[in-house]
Amino acid sequence: MEEAARLMYELFKNLGTWLTSGASWSGADGIAHRLAEHLQYSLLATLIAAAIGLPLGLLIGHTGKGAFIAINLASFGRALPTVGLVVLVFLAGGLSMLPVYVALVALAVPAIVTNTYAGMTAVDPDVRDAARGQGMRGHQVLFQVELPLALPLVMTGLRLALIQVVATATIAAYVSFGGLGRYVFDGLAQRDLVQVLGGAVLVAVIAVTLDLSLSALQRFLFRHRTA
């Protein structure tokens with residue numbers, strides 16, 4: 001027990017040194033550069049997923065058609081073998097970032113669609129009827145009534161999608177690209193536990209920080225709304 005405790009102490013001590021060392025943060029392989037790459041992958045994938053998922057969720061919620069798609073997408077997202085999808089697209093399309101983006105977008109779309117659909121279905125039908133009774137057309141009801149009321153859940157979907165993507169974007173290193181996953185895969189190859197743990201800790205910290213920040217922003221934006 002004492003030996004295991006000593007080894008754990010040394011591991012976390014070395015981790016602290018690695019995280020705070022100036023050398024670890026500088027250069028093309030430094031934490032700052034890898035962090036920027038990781039966020040770039042994550043934000044771009046989430047934006048692409050939003051461009052796909054938001055219109056789909058709004059359309060299904062507004063028309064009520066294809067609801068089974070939105071309901072079943074949540075299960076699909078949980079069951080999606082992300083690494084397997086990366087390998088499949090990699091074999092089909094060759095070495096590029098395309099397999100990574102395909103996998104990350106496929107992971108993010110279900111959360112966006114299902115939460116957008118949930119937000120739309122939560123709108124009071126009487127409110128819709130009142131809007132139509134005032135002469136609003138379908139697109140006016142959608143963008144002036146339904147979407148503003150559904151926005152909190154829509155934003156929740158975007159937040160969840162982004163956090164999932166950030167946590168999974170380490171797969172970029174699986175096909176020899178950058179990001180914080182580089183520390184995990186390189187560390188495993190080199191049997192460097194400090195580097196592996198450092199990469200995992202950085203991903204976790206970024207994901208938690210983004211989640212807390214976006215949650216606070218969401219509460220601030222909708223602070224005047226009643227539950």
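Heavy-atom basis, side chains included; hydrogens, waters and symmetry copies ignored.
Note on L214: it clusters hydrophobically with L35, by side-chain heavy-atom contacts below 4.5 Å among ILVMFWY residues. L98 is not connected to L47 by any chain of hydrophobic side-chain contacts under 4.5 Å among Ile, Leu, Val, Met, Phe, Trp and Tyr, and they are in different clusters. I206 and I31 fall within the same hydrophobic cluster, defined by Ile, Leu, Val, Met, Phe, Trp and Tyr side-chain heavy atoms under 4.5 Å apart, directly or through other members. Linking Ile, Leu, Val, Met, Phe, Trp and Tyr whenever their side-chain heavy atoms come within less than 4.5 Å puts L43 and L210 in one cluster.
If you take CG on L180 and CZ on F185, they are separated by 12.0 Å, rounding to the nearest 0.5 Å. To the nearest 0.5 Å, atom CG of residue L59 and atom OG1 of residue T63 are 4.5 Å apart. The CG atom of L44 sits 4.5 Å away from the OH atom of Y101 when rounded to the nearest 0.5 Å. Taking CG of L193 as the reference point, atom CG of L15 lies at 11.0 Å (rounded to 0.5 Å). Considering CG of L221 and CG of L217, their distance stands at 4.5 Å, rounded to 0.5 Å.
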**Request:** Test Y183 against W18 for ring-ring contact (aromatic ring centres under 6.0 Å, His included), laying out the working first.
**Result:** CA-CA 12 Å; Y183 298 124; W18 184 80; 5.1 Å; yes
**Request:** Could you check M120 against L142 for side-chain contact (heavy atoms from CB on, under 4.5 Å), going step by step and ending with a plain yes or no?
**Result:** CA-CA 9 Å; M120 294 290 287; L142 171 60; 3.4 Å; yes
**Item:** L149 and D124: CA distance, side-chain angles, deciding distance, side-chain contact (heavy atoms from CB on, under 4.5 Å) verdict
**Value:** CA-CA 9 Å; L149 293 174; D124 190 339; over 6 Å; no
Table please: side-chain donor-acceptor pairs of residues 155-165 below 3.5 Å, with sequence neighbours left out.
unit_1	atom_1	unit_2	atom_2	d
T156	OG1	P152	O	3.0
T156	OG1	Q218	NE2	2.8
R159	NH1	D211	OD1	2.5
R159	NH1	S215	OG	3.3

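Residue T116 comes nearest to I112 through the heavy atom pair OG1-O, 2.6 Å, listed as atom of the first residue, atom of the second, then distance. The nearest pair of heavy atoms linking T114 to A111 is OG1-O, 3.3 Å. The minimum heavy-atom distance between A50 and P55, with the atom names listed, is O-CD, 3.6 Å. Of all non-hydrogen atoms in R34 and E37, the two that sit nearest each other are NH1-OE1, 2.9 Å. For L19 against W25, the heavy-atom pair with the smallest separation is O-NE1, 2.6 Å. Between A118 and T121, the shortest heavy-atom distance links the atoms O-OG1, 3.0 Å.
Residues L54 and V154 meet the side-chain proximity criterion, which asks for heavy atoms closer than 4.5 Å. Residues L151 and F222 are in side-chain contact: their nearest non-hydrogen atoms beyond the backbone lie under 4.5 Å apart.
Pairs passing the ring-ring contact (aromatic ring centres under 6.0 Å, His included) check and including a residue from residues 29-67, sequence neighbours excluded, do not occur.
Shown here are the side chain to side chain donor-acceptor pair (under 3.5 Å) partners of D192, two or more places apart in sequence or in another chain: Q195.
Using a cut-off of 4.0 Å between Lys/Arg side-chain N and Asp/Glu carboxylate O, E10 and K13 are scored as not salt-bridged. Ion pairing between a basic and an acidic side chain is recognised when a charged N comes within 4.0 Å of a carboxylate O; R182 and D29 show no such pairing.
Of the possible donor and acceptor atoms, one in the side chain of Q140 sits under 3.5 Å from a partner among the backbone N and O of R137.
Paired with F12 under the rule side-chain contact (heavy atoms from CB on, under 4.5 Å), one option of V194, T17, L197 passes, and it is L197.
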